[in-house]
Amino acid sequence: GALDRLRATFRWKADGLGVAGLQTRIGVSELTLGGLLKHLAAAEDYIFTTKLRGEPVGAPWDLTEWDGSNDWEFTSAAEDSPEELYALWDGAVERSRARLGAALADGGLDQLVHASDSDGQHASLRRLVFDLIEEYGRHTGHADLLREAVDGRVGEDPPAGWHVTPYRA
């Protein structure tokens, strides 16, 4: 529930913007809502593919310069259209929900996953979910500031009845 609430809040903060809104920056920071959309999409796929099952992250990331350790997803977002960025995030979340649902059905939150530390101790699925909650918590805070700078949108949760706005140029 906490993860889905943060996902919804983040998506609402990033929702319905064009190129200018997705590329807005604050001060000297290079963070943008577009970069955050792409980064969180990569995090969703990486956590629930590579860390969960030890599989290559796959499409669409296997055709990019992203290797999980650089900031490529943040900087390259400026080259992507709003449609591409929203579809990338929406698709990653859909895949993650399916993978997490299957993993939960297969053994619950306390099952061990592929990811391990330097001593070979494997993390639990619960740890992966907490890690993603932490990632969303941090970046939803960034999105609060960025969205307020774009058009003044503020708030902790999407309003009742909110639905994703299809992008229109």
Side-chain angles (χ1 to χ4, degrees), residues 2-4 6-100 103 113-118 122-123 125 127-151 153 164-169:
L3 178 56
D4 276 337
L6 282 167
R7 283 173 172 154
T9 300
F10 173 78
R11 185 61 171 84
W12 173 61
K13 293 292 180 175
D15 191 46
L17 296 173
V19 172
L22 291 173
Q23 292 183 7
T24 296
R25 296 179 176 172
I26 298 174
V28 299
S29 174
E30 294 195 18
L31 276 180
T32 65
L33 286 166
L36 289 172
L37 278 163
K38 197 167 190 175
H39 170 72
L40 288 169
E44 291 268 3
D45 278 332
Y46 182 71
I47 287 173
F48 291 122
T49 302
T50 304
K51 285 190 166 188
L52 175 64
R53 300 187 305 221
E55 298 173 1
V57 73
W61 310 107
D62 55 351
L63 302 175
T64 69
E65 296 173 33
W66 183 71
D67 69 5
S69 67
N70 57 22
D71 289 336
W72 173 85
E73 69 275 23
F74 287 111
T75 58
S76 67
E79 301 165 16
D80 300 323
S81 71
E83 297 96 339
E84 291 170 318
L85 291 168
Y86 290 125
L88 189 63
W89 187 86
D90 292 340
V93 169
E94 185 178 317
R95 289 186 296 276
S96 288
R97 283 187 175 128
R99 291 171 182 152
L100 178 56
V113 300
H114 174 76
S116 62
D117 62 20
S118 59
H122 288 267
L125 180 56
R127 172 63 190 267
L128 293 188
V129 172
F130 273 35
D131 286 352
L132 193 55
I133 289 170
E134 178 185 27
E135 191 78 4
Y136 267 99
R138 176 175 37 257
H139 293 314
T140 299
H142 296 135
D144 284 336
L145 296 171
L146 289 163
R147 185 58 187 246
E148 186 174 6
V150 170
D151 63 6
R153 178 179 284 182
V164 170
T165 304
Y167 173 76
R168 291 184 189 93

State, yes or no, whether a side-chain contact exists between Thr9 and Tyr136 at a heavy-atom distance under 4.5 Å.
-> no
For residues Pro56 and Thr49, determine if any side-chain heavy atom of one lies less than 4.5 Å from a side-chain heavy atom of the other.
-> no
Starting at [atom1] of [X], measure out to [atom2] of [Y] and round the result to the nearest 0.5 Å.
| X | Y | atom1 | atom2 | answer |
| --- | --- | --- | --- | --- |
| Leu132 | Lys51 | CG | NZ | 10.0 Å |
| Asp45 | Leu88 | CG | CG | 7.5 Å |
| Arg147 | Leu36 | CZ | CG | 13.0 Å |
| Ile133 | Arg138 | CD1 | CZ | 12.5 Å |
| Arg153 | Leu17 | CZ | CG | 7.5 Å |
| Glu79 | Glu84 | CD | CD | 10.0 Å |

I need the minimum non-hydrogen distance between [X] and [Y], along with the two atoms involved.
| X | Y | value |
| --- | --- | --- |
| Trp89 | Leu37 | CD1-O, 3.5 Å |
| Gly137 | Leu6 | N-CD1, 3.9 Å |
| Gly21 | Leu33 | O-CD1, 4.2 Å |
| Ala103 | Leu125 | CB-CD2, 3.8 Å |
| Tyr86 | Gly16 | OH-N, 3.3 Å |
| Gly18 | Pro82 | C-CG, 3.8 Å |

Which residue pairs pass the side-chain hydrogen bond (donor to acceptor under 3.5 Å, both in side chains) test with at least one member in residues 13-36, sequence neighbours excluded?
-> Arg11-Asp15, Lys13-Asp144, Asp15-Trp162, Asp15-Thr165
Look at the aromatic rings of His39 and Phe74 and report parallel, tilted or perpendicular, splitting at 30° and 60°.
-> parallel
Taken in chain and number order and not counting sequence neighbours, the residues that satisfy salt bridge (charged side-chain N to carboxylate O under 4.0 Å, His left out) with Glu55 are Arg53
Listed by chain and number, what are the salt bridge (charged side-chain N to carboxylate O under 4.0 Å, His left out) partners of Arg7, not counting sequence neighbours?
-> Asp4, Glu44
For the side chain of His122 and the backbone of His114, is there at least one donor-acceptor N/O pair under 3.5 Å apart?
-> yes
Check Ile47, Thr50, Asp62 against Val57 for a side chain to side chain contact (heavy atoms under 4.5 Å, CB included) and give me the one that passes.
-> Thr50
Please step through side chain to side chain contact (heavy atoms under 4.5 Å, CB included) for the pair Arg97 and Phe48, ending with a clear verdict.
-> CA-CA 9 Å; Arg97 283 187 175 128; Phe48 291 122; over 6 Å; no
In terms of heavy-atom contacts, does CZ of Arg95 have more than 12 from other residues, nucleotides or ligands at under 6.0 Å?
-> yes
Worked verdict on Leu40 versus Glu73 for side chain to side chain contact (heavy atoms under 4.5 Å, CB included) = CA-CA 9 Å; Leu40 288 169; Glu73 69 275 23; over 6 Å; no
